[in-house]
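These notes concern the structure reproduced below.
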Amino acid sequence: LIDTSKELGVKIISPDYKTIDKNIVKQLQENGFEVLPWTINDMENFKKNIEYGVDGVITDYPKQMKDYLQNM
């Protein structure tokens, strides 16, 4: 995935949030990719992905997620 994505000029990887962990996020970022998992619609998984260090998330509830981040 990493080599092919680099060859294609990919800048952002958007995996299903259920398929990643902190190590995968770190590896992707160390290889120059931004990581934006999809579609996180519950706070438990949102918080977990924030702890993983993702660059952003795809969600159906952006206001809820924004409010959480502003109150951290």
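Residue indices begin at 1 and follow the sequence shown. Because only heavy atoms are used, hydrogens play no part in the values below, and waters and symmetry mates are left out as well, while side chains stay in.
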Are [Y] and [X] connected in a single hydrophobic cluster, I mean Ile/Leu/Val/Met/Phe/Trp/Tyr linked by side-chain heavy atoms less than 4.5 Å apart?
X	Y	value
Ile50	Phe33	yes
Met43	Tyr52	yes
Leu69	Val35	yes

Rounded at 0.5 Å granularity, tell me how far [atom1] in [X] sits from [atom2] in [Y].
X	Y	atom1	atom2	value
Trp38	Tyr17	CH2	OH	9.5 Å
Lys22	Lys26	NZ	NZ	8.5 Å
Glu51	Asn49	CD	CG	9.5 Å
Asn23	Leu28	CG	CG	11.0 Å
Asp42	Lys48	CG	NZ	8.5 Å

query = Is there a donor-acceptor contact under 3.5 Å from the side chain of Thr59 to the main chain of Ile40?
reply = yes
Contacts under 3.5 angstrom, residues 2-14 side chains, donor-acceptor by atom type, not counting sequence neighbours:
unit_1 : atom_1 : unit_2 : atom_2 : d
Ser5   : OG     : Leu1   : O      : 2.8
Lys6   : NZ     : Asn31  : OD1    : 2.9
Ser14  : OG     : Leu36  : O      : 3.1

ask   = Any chance CD of Gln70 has more than 12 other-residue heavy atoms, nucleotides or ligands included, within less than 6.0 Å?
value = yes
inquiry  = Around atom CD of Gln64, are there more than 12 heavy atoms from other residues, nucleotides or ligands closer than 6.0 Å?
reply    = yes
message = Which residue in the set Ile20, Asp16, Val25 passes side chain to side chain contact (heavy atoms under 4.5 Å, CB included) when paired with Pro37?
response =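 Passing option: Ile20.
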ask   = Going through the checks in order, is the side-chain hydrogen bond (donor to acceptor under 3.5 Å, both in side chains) test met by Asp55 and Gln29?
value = CA-CA 9 Å; Asp55 298 290; Gln29 290 171 332; 3.0 Å; yes
